[in-house]
Amino acid sequence: MQFVAPIIFLGLLGGLYASSYYLNLKTPKPEGCEDLDVSCGSCSISSCGLHPSNKEIIGEVKS
Amino acid sequence: MELFSLFISAIFINNIILNRFLGMCPFMGVSRKTSSALGMGGAVTFVIFFSSIITFGLYTYILEPFNLQYMDLITFILIIASFVQLVEMIIKKFSPSLYKSLGIFLPLITTNCAVLFVALENIKQGFNFTETVVYALAVPIGFTLVLIIFSSIRERLDIADVPQALKGNPVAMIVAAIMALAFSGLAGLV
Amino acid sequence: MSLFKNLSNGIVKENPVFALYLGLCSVLAVSNSINNALGMSVAVIIVLTVSNVIIAAMRKIIPNDIRIPVYIVVIATLVKIVEMLMQAYTPELFTALGVFIPLIVVNCIILGRAEAYASKNTVGASFIDGIGMGLGYTAGIFMLAAIRQLLATGGLNLVNPFNQFVFFDITLIPSEFTIPLFAQPAGAFITFAVLAALLEVYKQSGSKPVKKGA
Amino acid sequence: MNHKKIIHLTLFLAIIASVSGGLLSFVNSLTAPIINENAIAAEKVTLKLLFPNTDDFAPVTDFEDETGSILSIFEAKGAGLAYKVSRMGYANPIVMMVGISNDGKIVGLEVLELADTPGYGMKVGEAPFIDSVVGKSTTDGLDLISGSTVSSTAAITAINAARTHFNNFKGIDDDGSGSVVTPPAPELGRTILLSSDEATSVTTTVTNEVVNGDEKTFTVESNGYSVLEGGYADAKPNVFSITINTVTSVIVAIEVVEMNDTKGIGDKVEHEVFLSQFIGLELEDENASVDIISGVTRTSISAIRAVMATRGK
């Protein structure tokens, strides 16, 4: 039925994105690069990984 | 001949930043130093190039035959985002030096308008594979070119005495306006 | 904070367009005519409010580690639905806005608000915030579009996208005094810079935040 | 990194995504028909121009077209097919709608988008070109417009793409003559007297003479553009074969044996519109004259010189 194909297809893609996102989150940064400052100014795109508000999740990685 | 004119027009004439206003978010944010601009340009080129090929293949071999064209947006977004995450993970794991120069920009690119635009434009223009590859190479080159020029100007702006109200981003906008004027002069190139 | 304060805050002090420089991609590109600007604003408001509500409703069950992917999926679905509806019911507006409707997905405002506000507040507050931010976006893009269209074509017109009924079509500047530059990209940058600077001056002057846009 | 967490996260987003997939396909099933109608309604205005007495049009969705010029096809029930075609013109894409009736005739050509160089490219949108196309069958040749070759080639390639599809669709075998694009008749410009010194000043050598009855056929080498102007090392003269009636010294026939001037320009001299002017001219007649092809002066004069070289032989 025409509804089944998109459901399965997007389910797979969603799962792929979640797992890759999580795996990437958990891989520690190479040493010596922890405090790399990208010198991107105080832009307010809070969804960008480098935004101060997201700093604390990446911080967890050190555990 | 058409490929060459497509290449030149994507870089100079309808440049993605100055003519289509895409990629403005990183454009305003990252371009403080030329080195970071170069890094950003490299990362964007890498991502746009490969994600365009992946999304083109996906669209022609999966979405079109199964008549799922309406799913283009969400599929492209998920594919681009997953691709960026995987690339960042690989760079983190295997090459710290590459991470230093390119990897740190990757989180910024996932939600970048330019990447999604190129993926959608390849389908909208009905490009075949070679045209997609050429377009996916030309657009980021245009992006990087403008970013580098802009960052070198901006380094000098910080030391110039700009009126208080215009400090920071407004004056950057005015510089972008002048650059847009200059680039529109190239219109008759092709 | 009183709802009104929150609303006016979204439009003036923290105007997403001119203060936070969010959503620049669509604002500059679509602000060539007030029809396009308003059409885009309505689409952004719908997506913004509905996504804020959904994310606020689900904020408890969304695992913290994959916050952003969930927001992206929710917003992408909403944008595609709005796009399909626009393609069906307002075809002219749909062709005019072109690629910028799908690009709402990566519009920094929506993802930003979802992340910064909706994920931490109740559904009601998120809804109001969505409206506030949406109106801030509308005020920003409308002003930009009005100035650009007025200077470039010398007139303003408003057309109902559903049945092409023309609300008004006025020409204020005779055509030989119009500056076509403002229809082109360079004009968009200049107008934006001037308006951003004005907002800066207004904020620094420290006067009471009277609602400017209304 | 515990695996339970990854599975939980992956499942969570997979569920969200599949719910959104279902939602999208549901909304799509509602809006798709309306979008389809919009598409036809937008085209209907043009379709009505092509097929005035039909109002039942249906889009043909799956079609093969490797040239990539066919954007969409609509079937006018009981009347024929309409092709929306587009090719890159000189500066911008040209979009047209070609109407072909069921009996293989082009019934109409509507130019939808055309923004090429004014004066040249725009000729594709003007009546002479459109009239030259309308009425032709799906296998006839189409004439380029001299002066706007790029835009008219683009237009003709687009129309041919529509015709090739139509032929396969209807099973008409196209013997290929149709897709041959006949070169346009060159425009004639200045008139030059055969006896003018301009025509006789440069050395021209007669390399061969054949006599049959009271006619003589000369093979003449006459320096053209590439020798006189181009100056390339290996530039060779053009070779003409001219038949003269020795009694009346009237030119009976003229033909280009070897054209060595620039391709695309020099070879316009081979067009019978230019050569036919020589037939019947009397060599000795002082005011016999011929119109040279505008923009192709050197090569045209090389032809006149070849003719004059046969005088008195």
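Just so we're on the same page: letters track the sequence lines, and every chain starts at 1. Model, not experiment: these values are computed from the prediction.
- Contacts with chain A (heavy atom to heavy atom, under 4.5 Å) involve these residues of residues 76-91 of chain B, listed by number: B/Leu78, B/Ile79, B/Ala81, B/Ser82, B/Gln85, B/Leu86, B/Glu88, B/Met89.
- Contact of B/Tyr70 with chain A is made through the side chain alone, with heavy-atom distances under 4.5 Å.
- A distance of 5.0 Å separates CZ in A/Phe9 from CD1 in B/Ile62, rounded to the nearest 0.5 Å.
- Using a distance-only test at 3.5 Å, with no hydrogens or angles considered, a donor-acceptor pair links the side chain of B/Lys92 to the main chain of A/Asn24.
- Using a 4.5 Å cut-off between non-hydrogen atoms, no part of residues 123-136 of chain B approaches chain A.
- With a 4.5 Å cut-off on non-hydrogen atoms, B/Leu63 touches chain A through its side chain but not through its backbone.
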